[in-house]
Structures are given as C-alpha cells and as structure tokens.
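In what follows, a single structure is set out as structure tokens and then discussed.
Convention: sequence-line order gives letters A, B, ...; per-chain numbering from 1. Values below: every heavy atom of this structure, side chains too, minus hydrogens, waters and symmetry copies.
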There are 2 protein chains.
Amino acid sequence: MNRKSGRATISDVAKAAQTGKTSVSRYLNGEFDALSDNLRQRITAAIEQLEYRPSQMARGLKRGRTRLIGLIIADITNPYSLEILSGIEAACRASGFTLLMCNTNNELDQERHYLDLLSSYQVEAILVNAVGMREEVLNRLQQSLLPMVLIDRKIADFPCDVVGLDNKTAASAATQHLLDQGYRAILFISEPLGTVNTRHERLRAFETSMVHRADAIAERVEVALNQPDELQRLLADFHQRYQHIPCAVIAVNGALTLQVARAMRRLNLRWGEDIGLLGFDELEWAELAGPGITTLKQPTFRMGYAALQQALRRIEGDDAPPEEQIWPGELIIRGSTRSRTEGN
Amino acid sequence: MNRKSGRATISDVAKAAQTGKTSVSRYLNGEFDALSDNLRQRITAAIEQLEYRPSQMARGLKRGRTRLIGLIIADITNPYSLEILSGIEAACRASGFTLLMCNTNNELDQERHYLDLLSSYQVEAILVNAVGMREEVLNRLQQSLLPMVLIDRKIADFPCDVVGLDNKTAASAATQHLLDQGYRAILFISEPLGTVNTRHERLRAFETSMVHRADAIAERVEVALNQPDELQRLLADFHQRYQHIPCAVIAVNGALTLQVARAMRRLNLRWGEDIGLLGFDELEWAELAGPGITTLKQPTFRMGYAALQQALRRIEGDDAPPEEQIWPGELIIRGSTRSRTEGN
DNA sequence: CTGTTAGCGCCTTCAT
DNA sequence: ATGAAGGCGCTAACAG
C-alpha cells in the first residue's frame, strides 16, 4: 500500500502479486487470454486484499478515455431541465459514464467558462441545454472534435446534433385546441425571446395558426421570470380588455406556467372559469391545481436519454452528418381549457 | 500544438514562449514573483495564441487537487433533493469546484458502486444524500480520509459531518398545529421507515406529541412511493373510520405529499374541507392546489450550500470532530389545515 | 529569476 | 505468457 495517498496503486498490486505492472494493467483491461490462470488468480487476490481501485485520473490522462460526460444546464431548478437531467443520468448509469454537472444560471460567461472547464477535464462529450454561445466559443469546440449534443435549444448556423421538441406541431396543436374550445382572444406569454429558437418557433407557430382566424385575437408578450408584479399587471390588463369574450393564455414553458398560475391566483382569476390556461411542459402537479392545467407534455426523460445515446454514438466514432432529433409533444387536456360556448 | 490530441500542452506553451515547462507551470499557479516581466508576457502570449488550457486530469494526478466534488443522491427527481443539489451547485460554482453527480435510484449497490467510482476519480470530498450503507463501505471510506458530508439522512454509529433538519422540533410543531386546528385523528404516512433516521425521528416526535393527548387518535402507516392504489385504499379507510371527527394526514416528505394529494383527489376528498393535510418539504405549487397545502418548509438551498462549505473546510484541513448541523424548519400554513371546530 | 530532473498512476510498444 | 521501459501533462524539488 502506498504510504502517502493511502490508496493502493497498480505497482502495489504488482508487487503483492509478484508480477509486473503490465500484467496487472492487462488484467484490468480484461485481456485475460494473455494471462495464465495462476497469475490471474494472484492478481485477483492482491486487488481484493489491497482494495485496489484503478485511478480514473491516471487512466484518463493516458488513454483519453475518462468516461466522463459534461453537462451544461441553464437552470437546474427548471422542471423541464430536471427531467432532461434525469434521463441523461439514467443513460449514463446504464453505460458506465459519469456526469460532470455545470449550471450556468443563465449567464452567458458561465457558459463559456464551463465549456472550457469541461474540456480541461477531458470529458468525452458535452451535452448542452443552455445556449447563448457565439461563434468564437463554438469554433474552438468544434476544432477540439469534442462531441456535443444540444438539447431543446439549438444555435443558428451551427451544425450539431440536436434533440428537441417538434415545436411547430406542438404549438399549432395547442393553439388549435384553444380555438376549438371556443377561446377567441389568446395571449402568448414568453420569456424574452432572445436567440432561443424554441421560443421563436413556438411563437411563430402560434401566430401562424391565428392569422387565418379573422374571428380571433392574438397577442403576445415577453416577461422575464420572477417578475410577479409585471406578470400580474399584464394578465389583469389582458383579461380586462377581453373579458367579454372567452380569452386564454399560453405560457411558453413550465417555469412560466407556474408563475402565470400564481399571478392568476392573486388576481382571483380562476383558470378554466374566468380565463383559459395552457402551458408547455407537463407539471407533476398540473392535475391538482384547481380544475387542472392543460399542458403540452414533452417526452423529456426519453429526450435526455436519447441525447446521451447520440453522444455515445459520436464517442464511438460515428461521424455521420449532424442529426436533428425532433420528438413529438402530447397535449394533455385538463380543466383549465374547458370548453367555452359563446358568451359564457 | 500537439499533433495528436489537438490540444496544446504545457510543453507546447513552453516551446512557443522559449522557456521551460517549469516557468509555465509557475505562471499557471500564479507564482508571478518568480517570473520576469518579459517572460511572463511571452507566456501570456503563447497561451493566448495556442488557446492553451491546462489539463485538470494531469494536474489532479500530480497534485491530488482535482477540484472535483462527488455527489451521491438517492433520487434526483425528488423535489427536496433537487433543491439541495441546487444549493450545492451554487456553492461549487462560487468556490471553483465541479460536481460529479451520481444518482443511486435508491438502490443500495449503486451507492456502493458510486462511492468507489467517486474515489477513483479522486474527488476531494463526497456529499451524500442517500444512505443505506453498511459499515464495510464506510470503513473503507473513512480510511481513505476522504471528507464526507451527509445530508438529511445520517448513519447510526458513524461519526461524520451531517447537515439536516431539526426533525424533532419540526414534527412536533406540525403535529401541534394540527391539534390546535382541532384535528382529533391524525394519520402519519411515511415511506417505509427502513434505516432512514429522518423518517424515524419525525415519526417519533409525532407520536410523542400525540401520546399526551387522550382526546386525539394517532395512527401511522408506511407506503412505498408509486403505489397509488394502496395509498388510496389507506386514505379511504382512514377517512371512513374517522369521518365523524376532524381528521388529518401528515406526509413525511414532499414526494409523498404529492401522491397523497393525488390520491385524495381521486377519492374526492377535499383537503381543508373533508380532511386535513400537512406535508414535510415546501412545494412550489403548494399554494395552487385547492385552498393550498400546509407544508413544513426546510431551508434546502441553504442546507445544500452549507454542506458544501463544510466539505470545503475539511478539504482545507479542518480536523475538528464531526459536526452536526441542525437547521430549523418553518411551518407554512395554508388552507389544507383550516381550523376545525367540533363536528364541523 | 530560470531550467533540469524526477515522478504522479496508468497504458503501450517492444522485447523476451 | 510476461515484463521493462517510456511517456501522457503536469508539478515539485533541486540546482544554478
């Protein structure tokens, strides 16, 4: 046993098994055909006795295979991201990889920082669910040949594997549902659009679905998260202007849906009664809130899982052109979008 | 620039700056007093030009300082764990550490496996929010001198830093609140107690608070997560037996509270009306569910943050005896525990 | 101030 | 079938 670190090294094992490090290394890598039965047993015993565990650090240094996957998330507290994380994690567990987790807190320079950091840990691939990046950073990454998979959001003009929702179909279905239910004034509430393609796509599909309908009013607004007062003001204003016709709200993601629901609560607006409410992302509590909240559920867990699988394929050398995986959403109808007959 | 890995190494920088690796290393470690202005500038330029980033792997191998923290979580999808994670992550970000995340899915052998794995990555400390561990594993860890901080749950007879809730006070306060509100039959619903000290402590405090009260009935039951039918049956049975007196339920944690609420929904039992409901752990949607759900909020974020800080202290050499940090909970009263006057 | 030398723990030729 | 030697990228003496 090595005196200083307290941990046995490959040399200690070799010594204990009365052999050289090479054979132990072979043993560790499963090259048993190159080992006599006797030697193999000695090594097994030595490892057991010394409680030896190979150092992934040293291994990674030498071979480049660290079995580490980097994950960059914009905001872990977001329920969507959490489920994505959950899927990725399960896939990691299944494939023997470990996750290095980085939360950028939606800050752009953190993103840059973590990208660097992860590559300095020699991760074998990077999964990203946060995109504010500019070309400079990306080029560096691309040169490094580090496989990268984007989740949910993608980057314009940057060819890269992507896993995301079929935003167009989903947003159209959501809008159509509200129209079918009789709503005639619909407010699309989004976090600031920025360069987040997801938000743009959903909004565009919403507007496209509405533009044909001369009998219905479409409005849109951007609000940052955690601005309850502003949100409340917006909702009150919207409702006040259209209270004579069935009106509804679409929230662009789960985090926002929560805040919208809270604001409505404070305004004493009952969803499903006074106003319709539909939110992207399924929420575990959606059925418990009043008459329930209609959601556009994404197969988040499976998307996370799939993202890691895609990364693994790249790690194993697949160099097919970048692939864009588009998953279908599912509209889960609950009481918040109850049917409105005219004037009711 | 190194041909094979595509990444510049310290040697490349040394060459480009026309100096030796040592000086570059010194530069990297901020030992500027040992570098002439001229040399320093050459190095700066070389690093810039080569886009050099030191390999954390190699660094870790040599110095033992990997700046990596291992985190073992029983179940990331648990809201409690998520917020803990969130706090830990923030503390990591603030201190320049990176998280290696492992989710055991509540499986004991995974726990063992990950403990090994993390130490093989030379993490500098391990944070654990999942405890099924037995002595064998722990002893190995303890010998390795790897700092470890337990969160929420602790292990009997294993002296170790712990960050947790003041379960006794919290559970007493919760129970007392229900009694004060007039409830006279209270069911304590827990996940299987197992060796999870947290659940035991909360139950014990509940029973202690109830035992003095000859006028009130205390019951308890254990249910595994995701057994909706059984849960429903239990609740129906409990309510049916005590519907003539104000009765209430305490759920031992947030995950369970969600399931209890769902079961009540299906049974058409309205919390705050037909039955009282109080759950450990604050839920972001607690105020939105019917008249709101009364919760016992834990300062989860700060607890996670504090856990990492404690780990840092150990990393920096603090060898004071194990410290048990007990944080106070806060009862957040909502409509689900509305006051019951007799017979109403 | 600066460079040389020797490893950290492991894997990989290349001999034997 | 086995082992010795060299090196991955970095740091830490030890000289100058």
Would you say a side-chain N or O of B:Arg63 is under 4.0 Å from OP1 or OP2 of C:dC8? no
Salt-bridge criterion met for A:Lys154 and A:Glu324 (N-O under 4.0 Å): yes
Rounded to whole Å, please give me the gap between CG in B:Asp12 and P in D:dG9. 8 Å
Identify the residue among A:Ile10, A:Val13, A:Asp12 that makes a side-chain contact (heavy atoms from CB on, under 4.5 Å) with A:Ile47. A:Val13
Nearest-angstrom distance from the residue atom NZ of B:Lys15 to C1' of D:dG9: 13 Å
Expressed as a whole number of angstroms, how long is the span from A:Ile10:CD1 to C:dT12:P? 11 Å
Could you state the CD-P distance from A:Gln122 to D:dG9, rounded to the nearest angstrom? 8 Å
I'd like to know if B:Arg112 pairs up with B:Asp109 as an ion pair, taking the criterion as any Lys NZ or Arg NE/NH1/NH2 lying under 4.0 Å from an Asp or Glu carboxylate oxygen. no
What residues from residues 24-44 of chain B pass a heavy-atom cutoff of under 4.0 Å to DNA chain C? B:Arg26, B:Asp33, B:Ala34, B:Leu35, B:Ser36, B:Leu39
Are A:Tyr52 and A:Thr9 linked by a side-chain donor-acceptor pair shorter than 3.5 Å? no
Taking atom types as they are modelled, would you say the side chain of B:Lys62 forms a donor-acceptor pair with the base of D:dG9 within the 3.5 Å cutoff? no
Between D:dC10 (C1') and A:Tyr121 (OH): distance, integer Å: 14 Å
Within-4.5 Å side-chain heavy-atom neighbours: B:Asn129 and B:Ser81: yes
Distance, rounded to the nearest Å, where A:Leu61 contributes CG and D:dT11 contributes C1': 13 Å
Quick check: on DNA chain C, is the nucleotide nearest B:Lys21 upstream (toward 5') of the one nearest B:Gln18, or the reverse? Name the residue that is more 5'. B:Gln18
Measure from CD1 on B:Ile47 to P on D:dC10 and round the result to the nearest Å. 10 Å
Give a yes/no answer on whether the side chain of B:Ser23 brings an N or O atom under 4.0 Å of OP1 or OP2 in C:dG3. yes
Tell me what A:Thr22 touches on the nucleic acid: a base, only sugar-phosphate, or nothing, going by heavy atoms under 4.0 Å. base
Given B:Arg59 and B:Asn29, is the side chain to side chain contact (heavy atoms under 4.5 Å, CB included) satisfied, shown in steps? CA-CA 11 Å; B:Arg59 221 175 232 216; B:Asn29 293 295; 4.2 Å; yes
Once you apply a heavy-atom cut-off of 4.0 Å, does B:Thr19 come out as touching a base, just sugar-phosphate, or nothing? sugar-phosphate
Distance check: side-chain N/O of B:Tyr52 vs OP1/OP2 of D:dC10, anything under 4.0 Å? yes
Under-4.0 Å salt bridge between B:Arg7 and B:Glu51: no
